[in-house]
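Structure first, then comments.
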Amino acid sequence: MGIYLNPGNDAFRISVNDDIYVDKSGLISFVNSRINKRKRFICVSRPRRFGKSMAAEMLAAYYDRGCESHELFQELNIAKDEEYRTHLNQYPVIYLNIQQFMRKVGTPDELPRCVERKVLQELREEFPDGVKEGETSLSDALSVIYSKSSPRQGFVFIVDEWDCIFREAKENVMAQRAYLDFLQDLFKDRIYVTVAYMTGILPIKKYGTHSALNIFDEFSMTSPDVLAPYVGFTEEEVRGLCNQFGKCFDDVKMWYDGYFGGDLHIYNPKSVVDGMQSLRLKSFWSSTETYEALQVYIDLNMDGLKEAIIAMLGGDACPVDVGTFQNDMTSFKSRDDILTLLVHLGYLAYDEDARAVYIPNEEVRGEFFRAVKNGKRVELVKMIEMSDRLLEATLRMDGDEVGRLMEDIHDQIVAPNFYNNEQALRSVIKIAYLSSVDDFISIQELPSGKGYADVVFLPRPGVDKPALVVEMKWDQGADGAIEQIRDRRYPEGIKGFGGEVLLVGVSYNVKDKRHECRIERGGQG
């Protein structure tokens, strides 16, 4: 058993024995279906916190011929597959965590040579007749080992964090190209490859419209395809965890859902696990990322990016062309490239059918809010400041001030040709209350009483503030909005909340382009 050659099953054993383990062994069936076939090269990209390394460790434990792993898999879904025993612990495995190699090198240019040197050392110990002294080419050594094996047996390759160099050495194009050349030499047209599975955050680097490693089938956050169930936790899996740990599924959904793979709802797995083991649900994003990582991209001066961020903060989706993205962190030619990168980083979700991006959930919405509030885009910072004032005016029941601020925000974010548009007014309302994200959970079209309340802002646990029930009207006056809230008993939707409720009626007058707001107390929720 080595570090890179046949690393064993200890890492996966830790995962299986953890307090929470969700069975993703069905992925093995898919990889088995590609063994010794033309389509045996697989690249799966997904954000941090989405279980990339665990999946890689699982595959290593399953294929590694240097260990016995039946006890780890016998109760998992893969054990029901008729091919389960055929491939269990049958292959020499080469496992490469590129991030660990990056820590060992002085400069990124040394990465390929470092990988070759370390792996050759272990191959020489395992196959002394196949690796001659002084051999420096990993691909040549593997070719010789394969040719001398009887019967012929190739290697299973598992490459974790394959794209690390593109994230940690963003500007070093020469080192990146040398690394891609190394991977191409290692894999392309090599019959010693039984199957190759790579995982990282970014899809494979493109130059122009072509992939640098076009032998790989890619499954990414913009096109997960048949591997969607293995990107994160599915809704069924999350429901099971909520039942096990006594959590409210609707609350978990609001916090951590929002990613899509075909028809599947996909949840952030690390956040779900942390939420199950925590006393209350909250954002766990900052445990692995900081909002500054997002802020860098929001602050870029790209045409249309500001408007897209504002619209998404207000709950809308934005059309995007993901095809122009070059799969790196520097080659940005448009706002679409930045938005596509944010999908791969997990900050945005992508609807493949609508070809649009959106902020997936409350957890990520909070990160966007903090990134904007502390960023360098003056117009976005000003929007947050206006939202702060509007929320304060609402809580002190100053309807006149709320109306004036609504007018200012409407002027700033809505193009003149869309100004007199009912959907635009809805966006204005959602954006106007951006500052509610710290203390409130926003719920759109909450079923309550005899209909649906437009927007409800419910205080987070421990926040001593009233709930807000907001109704929007078009040319009917703020009094009409308040009357509808009462007539249709919208506050009933938050019955049991236990705190004070404020009724907020907002109206827009098309003729004079004036906004009117009236605020009343609505009793206890």
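Here, residue 1 is the first one in the sequence, and each next residue gets the next number.
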[X] side chain vs [Y] backbone, donor-acceptor pair below 3.5 Å:
X	Y	result
E363	F284	yes
R365	L313	yes
E235	H265	no

Looking at every heavy atom in both [X] and [Y], which two are closest together, and how far apart are they?
X	Y	value
Y4	K104	OH-CE, 3.4 Å
N9	S69	ND2-OG, 3.0 Å
E57	S15	OE1-OG, 4.2 Å
F260	P224	O-CG, 4.3 Å
S45	S220	OG-CB, 3.2 Å
F157	L142	CZ-CD1, 3.6 Å

Please check if any side-chain donor atom of [X] sits under 3.5 Å from a side-chain acceptor atom of [Y], or the reverse.
X	Y	result
H344	Y350	no
D274	S271	no
S29	D81	yes
S25	N77	no

I want to know whether [X] and [Y] have ring centres closer than 6.0 Å.
X	Y	value
Y259	F50	yes
Y62	H87	no
F219	F30	yes

Would you mind reporting whether [Y] and [X] have side-chain heavy atoms less than 4.5 Å apart?
X	Y	answer
S331	K205	yes
K148	V144	yes
Y21	L76	yes
I201	F166	no
F368	Y347	yes

Would you list the atom pairs, donor with acceptor, under 3.5 Å between side chains in residues 177-186 and any protein atom, with sequence neighbours excluded?
unit_1, atom_1, unit_2, atom_2, d
Y179, OH, W162, O, 2.5
D185, OD1, R190, NH2, 2.9
D185, OD2, S139, OG, 2.7

**Chi angles and distances behind the ring-ring contact (aromatic ring centres under 6.0 Å, His included) call for F187, F216** = CA-CA 10 Å; F187 293 129; F216 279 85; 5.6 Å; yes
**Y297 and F332 aromatic ring geometry - parallel, tilted or perpendicular at 30°/60° bounds** = perpendicular
**Message:** Within this structure, what is the CG-CE distance for the pair D388 and M383, rounded to the nearest 0.5 Å?
**Reply:**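 Reported value, rounded in 0.5 Å steps: 12.5 Å.
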**D257 CG to N361 CG distance, which is reported to the nearest 0.5 Å** =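 So the CG of D257 and the CG of N361 are separated by 7.5 Å.
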**Request:** Take F233 and Y256 through the test ring-ring contact (aromatic ring centres under 6.0 Å, His included) and record every step on the way to the result.
**Result:** CA-CA 10 Å; F233 287 173; Y256 312 122; over 10 Å; no
Basic-acidic side-chain contact under 4.0 Å: [X], [Y]:
X	Y	answer
K253	E362	no
K24	E237	yes
R370	E367	yes

**Message:** More than 12 heavy atoms of other residues, nucleotides or ligands under 6.0 Å from CG of D303: yes or no?
**Reply:**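 Incorrect, the count does not exceed 12.
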**Exceeds 12 heavy-atom contacts within 6.0 angstrom, atom CZ of R65** = yes
**Request:** Scan residues 166-176 for pairs that pass salt bridge (charged side-chain N to carboxylate O under 4.0 Å, His left out), counting only residues two or more places apart or in two chains.
**Result:** E161-R167, D163-R167
**Message:** Here's a test for you: under side-chain hydrogen bond (donor to acceptor under 3.5 Å, both in side chains), which of N32, N89, T194 qualifies with Y63?
**Reply:**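 In the set N32, N89, T194, the residue that makes a side-chain hydrogen bond (donor to acceptor under 3.5 Å, both in side chains) with Y63 is N32.
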